[in-house]
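Letters go in sequence order (proteins before strands), and every chain restarts at 1.
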2 protein chains.
Amino acid sequence: MKQLKLSNQLCFSFYALSRLVTSHYQPLLGPLDLTYPQYLVMLVLWEHDIVSVKTLGQQLMLDSGTLTPLLKRLETKKLIKRVRSKEDERSVNIHLTAAGRQLQQEAADIPEKISCSMGFTEKEYDTLKPMINNILKRHADE
Amino acid sequence: MKQLKLSNQLCFSFYALSRLVTSHYQPLLGPLDLTYPQYLVMLVLWEHDIVSVKTLGQQLMLDSGTLTPLLKRLETKKLIKRVRSKEDERSVNIHLTAAGRQLQQEAADIPEKISCSMGFTEKEYDTLKPMINNILKRHADE
DNA sequence: TGGAATTTAATTGTACACAATCTAATTTTA
DNA sequence: TAAAATTAGATTGTGTACAATTAAATTCCA
């Protein structure tokens with residue numbers, strides 16, 4: 001019986017934690033004129049240089065309704081370029097620009113700073129990482 | 001070195017998990033014409049009947065910029081009533097209406113359903129609940 | 001006591017998030 | 001191969017989130 005409320009409470013904790021995380025990124029990303037979701041897109045591009053909107057959506061678990069306007073904003077800032085694919089005209093490839101690559105340097109210390117800001121303990125890393133990724137993975141289809 | 005990326009990855013997991021949670025509530029709340037944040041407000045009201053916007057904001061960690069329009073939508077649906085306090089005219093008290101209390105019955109099985117939908121294991125409850133609440137608590141000030 | 005500081009909501013503006021729908025391109029298959 | 005089904009993004013509309021500002025009420029305190 002008491003169990004029932006637990007799921008609700010745990011879900012609320014996840015919801016609150018996500019917003020806490022975003023709020024800790026904000027002061028780090030603000031100076032780079034990036035939001036957290038925009039930063040996530042840049043992280044993917046810094047790894048791959050070119051990715052399709054579809055791939056981006058799969059990696060970040062976001063749909064085109066979210067990504068299309070977000071990518072347009074990144075393009076306005078000259079950090080990326082949206083290029084419709086020649087091979088498959090339905091697909092749009094996102095290219096990292098020189099300015100976008102440049103930004104990687106300025107963002108280099110963010111992982112360390114966010115780690116410090118959130119103050120995760122060793123134990124929290126080791127426990128939460130696999131457990132939460134397990135939850136995400138078992139719902140991977142959607 | 002490898003540690004640095006971990007914080008970024010763990011934070012992304014939290015962000016993704018929060019959206020996963022919301023997506024699992026949606027089919028349960030849709031029939032009640034509630035969003036997840038609206039449901040959270042109703043949960044507080046089902047416990048207390050009357051709460052101030054300030055208290056609500058503290059409980060849910062949301063500010064008036066989020067709550068004011070959300071509460072207006074709940075009022076439009078006749079689930080709550082917004083009443084400016086007589087004792088302190090700055091404060092607005094949220095009252096549960098009869099329809100709002102009625103809705104509690106229809107929402108009674110949501111905790112069980114969300115538990116089933118998310119499929120948390122016993123171990124996940126026992127580990128995640130205290131660990132995540134600890135993280136939230138140590139950043140409680142903001 | 002009366003002005004300064006604080007508190008509480010509301011407002012404004014920007015940016016997600018996602019359901020639902022649409023269009024165009026590609027693939028399937030009858 | 002031509003119609004049907006699928007796929008990739010874009011669009012539309014609703015609803016959060018939150019920073020920054022504003023306005024009104026209350027509290028502080030010199």
Side-chain angles (χ1 to χ4, degrees), chain A residues 12 15-27 29-42 51-77 80 82-94 142, chain B residues 12 15-42 51-58 60-77 80 82-94 142:
Chain A
F12 172 71
Y15 165 71
L17 182 56
S18 175
R19 286 183 292 117
L20 179 69
V21 161
T22 303
S23 75
H24 279 248
Y25 272 104
Q26 200 279 328
L29 294 174
L32 307 187
D33 191 26
L34 286 180
T35 65
Y36 181 57
Q38 289 169 9
Y39 171 66
L40 293 176
V41 168
M42 296 309 293
V51 287
S52 67
V53 173
K54 175 188 160 75
T55 301
L56 216 40
Q58 288 170 340
Q59 301 266 314
L60 305 182
M61 307 185 215
L62 293 170
D63 71 6
S64 69
T66 300
L67 285 175
T68 296
L70 186 157
L71 293 170
K72 283 181 179 176
R73 285 187 279 271
L74 288 179
E75 190 172 39
T76 299
K77 297 182 208 177
I80 66 164
R82 292 152 72 246
V83 181
R84 198 158 282 273
S85 167
K86 278 283 187 279
E87 304 87 53
D88 186 339
E89 296 257 347
R90 293 171 302 181
S91 179
V92 169
N93 289 316
I94 307 303
E142 229 72 346
Chain B
F12 172 71
Y15 165 72
L17 182 56
S18 175
R19 285 183 294 119
L20 180 69
V21 161
T22 303
S23 75
H24 279 249
Y25 272 104
Q26 199 280 328
L28 307 179
L29 294 174
L32 307 186
D33 190 28
L34 286 179
T35 65
Y36 181 56
Q38 288 169 10
Y39 171 64
L40 293 175
V41 168
M42 296 308 294
V51 287
S52 68
V53 173
K54 174 188 161 77
T55 302
L56 216 40
Q58 289 169 339
L60 305 182
M61 308 185 214
L62 293 170
D63 72 5
S64 69
T66 300
L67 285 175
T68 297
L70 186 157
L71 293 170
K72 284 181 179 174
R73 282 178 212 111
L74 288 179
E75 189 171 40
T76 299
K77 297 182 209 179
I80 66 164
R82 293 154 70 246
V83 181
R84 198 158 283 271
S85 168
K86 277 284 187 280
E87 305 86 54
D88 186 341
E89 295 257 349
R90 293 170 301 180
S91 180
V92 169
N93 289 317
I94 307 302
E142 229 75 347

CD1 of Ile80(B) to CD of Gln38(B): how many Å apart, nearest 0.5 Å?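 Those atoms lie 9.5 Å apart.
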
For the CD1 atom of Ile94(A) and the CG atom of Leu71(A), what is their distance to the nearest 0.5 Å?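 Atom-to-atom, Ile94(A):CD1 and Leu71(A):CG are 4.5 Å apart.
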
Partner residues of Ser64(A) under the side-chain contact (heavy atoms from CB on, under 4.5 Å) criterion, sequence neighbours left out: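 For Ser64(A), the residues satisfying side-chain contact (heavy atoms from CB on, under 4.5 Å) (neighbours in sequence not counted) are Thr68(A).
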
Just jot down the side-chain contact (heavy atoms from CB on, under 4.5 Å) partners of Leu28(B), sequence neighbours excluded, or say none.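 In terms of side-chain contact (heavy atoms from CB on, under 4.5 Å), with neighbours along the sequence ignored, Leu28(B) is linked to Ile110(B), Lys113(B), Ile114(B).
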
Over how many whole Å does the gap from [X] atom [atom1] to [N] atom [atom2] extend?
| X | N | atom1 | atom2 | answer |
| --- | --- | --- | --- | --- |
| Leu60(B) | dA9(C) | CG | P | 13 Å |
| Leu71(A) | dA17(C) | CG | P | 13 Å |
| Leu70(B) | dA10(C) | CG | P | 12 Å |
| Tyr25(A) | dA15(C) | OH | C1' | 18 Å |
| Asn93(B) | dT8(C) | CG | P | 12 Å |

[X]: side chain to side chain donor-acceptor pair (under 3.5 Å) partners, not counting sequence neighbours:
| X | answer |
| --- | --- |
| Tyr15(A) | none |
| Tyr36(A) | none |
| Ser18(A) | none |

Could you pull out all residues at least two apart from Asp88(B) that satisfy salt bridge (Lys or Arg N to Asp or Glu O under 4.0 Å)?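 Per chain and number, Asp88(B) pairs via salt bridge (Lys or Arg N to Asp or Glu O under 4.0 Å) with Arg90(B).
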
Which residues pass the salt bridge (Lys or Arg N to Asp or Glu O under 4.0 Å) test with Arg82(B), sequence neighbours left out?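 Only Glu75(B) meet the salt bridge (Lys or Arg N to Asp or Glu O under 4.0 Å) criterion with Arg82(B).
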
Contact class for Arg84(B) vs. all strands (heavy atom < 4.0 Å): base, sugar-phosphate, or nothing?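 Answer is sugar-phosphate: Arg84(B) comes under 4.0 Å of backbone atoms only.
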
Pick base, sugar-phosphate or nothing for Leu67(B), based on heavy-atom distances below 4.0 Å to the nucleic acid.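 Nothing, no heavy atom under 4.0 Å.
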
Heavy atoms, side chains only, cut-off 4.5 Å: are Leu74(A) and Met42(A) in contact?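 SC-SC contact between Leu74(A) and Met42(A) confirmed.
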
Chain A on DNA chain D: first and last contacting nucleotide, 5' to 3', under 4.0 Å to a heavy atom?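 Span of nucleotides near chain A: dT7(D) to dC18(D).
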
Measure all distances between protein nitrogen or oxygen atoms and nitrogen or oxygen atoms of nucleotides 18-26 of chain C, and list the pairs falling under 3.5 Å.
residue: dC18(C); atom: OP2; partner: Arg19(B); partner atom: NH1; Å: 3.4
residue: dC18(C); atom: N4; partner: Gly65(A); partner atom: O; Å: 3.3
residue: dT26(C); atom: OP1; partner: Glu89(A); partner atom: N; Å: 3.1

Hey, could you give me each pair passing salt bridge (charged side-chain N to carboxylate O under 4.0 Å, His left out) that has a residue in residues 54-74 of chain A? Not counting sequence neighbours.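 For residues 54-74 of chain A, and leaving out neighbouring residues, there are no salt bridge (charged side-chain N to carboxylate O under 4.0 Å, His left out) pairs at all.
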
So if I take the C1' atoms of five pairs at each end of the helix from dT1(C)-dA30(D) to dA30(C)-dT1(D) and get each local axis, what angle do the two axes make, rounded to 10 degrees?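 Overall, the helix from dT1(C)-dA30(D) to dA30(C)-dT1(D) bends by 10° from one end axis to the other.
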
Phosphate oxygens OP1/OP2 of dA15(C): is one of them under 4.0 Å from a side-chain N or O of Gln38(A)?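 False: Gln38(A) side-chain N/O out of range (4.0 Å or more) of dA15(C) OP1/OP2.
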
